Amino acid sequence: MSRYQSINPYNGDVFATFENPTDKEIEESLNLAHMLYKKWRHEDPSTRSKELLAIAGGFRENEDKMAQMMTLEIGKLFSEAKEEVELCIQICEYYAVNGADMLKPQPLESGLGNAYYLKQPTGVVLACEPWNFPLYQVIRVFAPNFMVGNPIILKHAHNVPSSAALMAKIIKRAGAPEGSLINLYLSYDQLAQVIRDPRIQGVALTGSERGGSSVAEEAGKNLKKSTMELGGNDPFIVLEDADKDVLRNVLSDARTYNDGQVCTSSKRIIVVKSRYEEVLRELKSLYEVLKPGDPLDSSTTLAPMNSEGAKEKLEKQVQEAVDHGAQIYYQHPEIESTGAFFPPTILTHIGKDNPVFDKELFGPVAEVHCVEDEDEAIKLANDSSYGLGSSIISKNTAHAEKLAAKIETGMTVINGRWVTAPELPFGGVKKSGYGRELGKLGLMAFVNEHLVIDTTSENE
Ligand code: NAP
């Protein structure tokens, strides 16, 4: 039986199943995408701006429909799903307006002659994406590569096949050329086969360390350039001079947005001693009032997790943490529902020998650490295999910027929780992966920086 199924985690309803493609379908898809690359290679990127704007328009027209599908497949609050569609519209618009300029040739200073590099497409990119932001994760790769001229073959997560199908349909209906985004329900073996194909020239994966290492290995073996956007265990550092209102405001959803299933969610809240009790009280007061319910209902503030399996995994991890000395400062009362609800939990006293110390807990569990001072805070922040995002809460922003530079991470937000925007590069270091998506850096991920130098001027 195919692994690609749409299962509503709020009521267990299995509402769609999709089959893996046949060899013929894979071959035709690769061919179609490759032919489009060959055509796009000879066109100026500016010719695609209008098409990308039309795609943004298609998303706007279908905003509710797309948001609803994401809510049905992974239990995301409908309001958050709508924010996701809005963000994707902005990403498409950003690259439609700015992409062509960013792709202009870059002049170079050289004593050997008139030199510059062209920014050319490289070929079809395989995008292997996770379920937690079913639309945004794909659009982060699709929109910039659409402008570059690299068509996308999409292998989406097994639990969001209907969102993948809907997105591909809307992109096609908006007038995008055939082959610009092809959604295939590939098995792992088929994925490896596609990566090996010479028509694939890049591999972009967002997901866990497990998925990342296996796909990166296949890409590496076949000498395909890859970007890996992996998990995080982000520190959220509260300094002594943190503004009370800013702190409360930022904490309000730093760990519970998308039910805590965000790569850059503030998983480790590191607090200097003088503010520790206050942070615990604030978090508890925020968690106590969360209202579980149907994620399509606008009064619901606590969504189910994306699946029963994810809930069970988190239950085991929290139990393991407690078995090894962690204390539960607060846990939301048990939720009477058939949905995959996990009660928001605050854990303290997580020692370095605790098995969860260096693990990503992917759900509404805040791990709160008490430290003597900011030096210890930075040391603890860096004592992690991951390095994706981070936050610093302090009134002294100049000082916070200096501290930011000391954290081994891809991103730091001062006086805010994680952010993402079309113009800001997103990505990490260490086991959080490599490469960047979004911004100008993201646009350049699969570009051929083709050097041209005219030595005539030098010889004359
Ligand atoms: P995942 O299990 O690694 O899955 C991601 C994608 O990789 C899915 O399409 C999955 O397909 C595929 N995959 C997994 N193992 C594979 C293998 N051995 N061979 C081929 N394909 C494989 O990750 P997830 O659980 O969906 O997503 C949650 C993780 O993503 C968290 O760790 C989160 O922090 C991270 N994340 C990172 C970012 C970032 O930007 N850094 C953003 C969002 C999420 P199947 O679904 O079919 O298994």
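Whatever order the structure lists them in is the order used to number ligands and atoms, beginning at 1. Quick note: numbers below take in every heavy atom, side chains included, and nothing from hydrogens, waters or symmetry partners. What you see is a predicted model; the values in this text were computed from it and never measured.
- Of the listed options L230, I195, D234, L230 places a heavy atom closest to atom 37 (C) of ligand 1.
- Taking any N or O of R140, backbone or side chain, at least one lies under 3.5 Å from an N or O belonging to ligand 1.
- Where the criterion is an N or O separation shorter than 3.5 Å, residue side chain and backbone included, H158 meets it with respect to ligand 1.
- Of the protein's non-hydrogen atoms, the one nearest atom 3 (O) of ligand 1 is S208 OG, 2.6 Å.
- In the vicinity of G211, heavy-atom distances shorter than 4.0 Å reach the ligand 1 atoms 3 (O), 14 (C), 15 (N), 16 (C).
- Looking at atom 5 (C) of ligand 1, its nearest protein heavy atom turns out to be T206 O, 3.5 Å.
- Atoms of ligand 1 lying under 4.0 Å from at least one heavy atom of E360, given by number and element, are 31 (C), 32 (O), 33 (C), 34 (O).
- With a 6.0 Å radius and a threshold of 12 heavy atoms from other residues, nucleotides or ligands, K431 has its NZ atom at or below the threshold.
- More than 12 heavy atoms of other residues, nucleotides or ligands sit less than 6.0 Å from atom NZ of K430.
- For ligand 1, the atoms sitting less than 4.0 Å from at least one non-hydrogen atom of R210 are 2 (O), 14 (C), 15 (N), numbered in the order shown with element in parentheses.
- Ring geometry for Y37 against H34 counts as tilted: the plane angle lies between 30° and 60°, on a 0 to 90° scale.
- At a 4.0 Å heavy-atom cut-off, ligand 1 does not touch N159 at all.
- Aromatic ring orientation, H332 versus Y330: perpendicular (interplanar angle above 60°, classes split at 30° and 60°).
- Taking every heavy atom of both residues into account, E73 and S163 meet most closely at OE1-OG, 2.7 Å.
- Judged by the 6.0 Å distance and 45° axis criteria, R436 is not positioned over the aromatic ring of F426.
- Partner of K359 under the side-chain contact (heavy atoms from CB on, under 4.5 Å) criterion, chosen from Q317, E367, K267: Q317.
- Within the listing of ligand 1, atoms 37 (C), 38 (C), 39 (C), 40 (O), 41 (N) sit less than 4.0 angstrom from a heavy atom of E229.
- Counting protein heavy atoms only, atom 25 (O) of ligand 1 is closest to W131 NE1, 3.3 Å.
- Those atoms of ligand 1 that come under 4.0 Å of a heavy atom in V215, given as number and element, are 20 (C), 21 (N).
- Applying the 6.0 Å contact sphere to NZ of K291 captures more than 12 heavy atoms from other residues, nucleotides or ligands.
- Counting only heavy atoms of the protein, atom 10 (C) of ligand 1 lies nearest to K155 NZ, 4.0 Å.
- With atom 7 (O) of ligand 1 as the reference point, the heavy atom nearest to it among C128, G207, G433, A164 is part of C128.
- Of the heavy atoms in L388, only side-chain atoms (C-beta onward) come closer than 4.0 Å to ligand 1.
- Among G427, P130, S214, the residue whose heavy atom sits closest to atom 19 (N) of ligand 1 is S214.
- The nearest heavy-atom contact from the protein to atom 8 (C) of ligand 1 is E129 O, 3.2 Å.
- In terms of protein heavy atoms, atom 44 (C) of ligand 1 is closest to N132 ND2, 3.4 Å.
- Classification of the F341-Y10 ring pair by plane angle, with boundaries at 30° and 60°, yields perpendicular.
- Contacts between H156 and ligand 1 below 4.0 angstrom, taking non-hydrogen atoms only, involve the backbone exclusively.
- In summary, of the residues considered (D294, D297, L296), a side-chain contact (heavy atoms from CB on, under 4.5 Å) with F78 occurs for L296 alone.
- Atoms of ligand 1 found under 4.0 Å from any heavy atom of L191 (numbered from 1 in listed order, with element): 20 (C), 21 (N).
- Among P130, C88, C128, the one residue that satisfies the side-chain contact (heavy atoms from CB on, under 4.5 Å) test with Q137 is P130.
- Distance from atom 14 (C) of ligand 1 to its nearest protein heavy atom, with residue and atom name: Y188 OH, 3.4 Å.
- Ranking protein heavy atoms by distance to atom 38 (C) of ligand 1, first place goes to C263 SG, 3.1 Å.
- In this structure, M35 places its CE atom where only 12 or fewer heavy-atom neighbours from other residues, nucleotides or ligands lie under 6.0 Å away.
- Residues H156 and Y4 have side chains not in contact (no heavy-atom distance under 4.5 Å, counting atoms from C-beta outward).
- With R3, Q137, K313 as candidates, the residue nearest to atom 43 (C) of ligand 1 on a non-hydrogen basis is Q137.
- For the pair L239 and S394, the tightest heavy-atom approach, listed with the atom from each and the gap, is CD1-CB, 3.8 Å.
- For F426, every heavy-atom contact with ligand 1 shorter than 4.0 Å involves the side chain, none the backbone.
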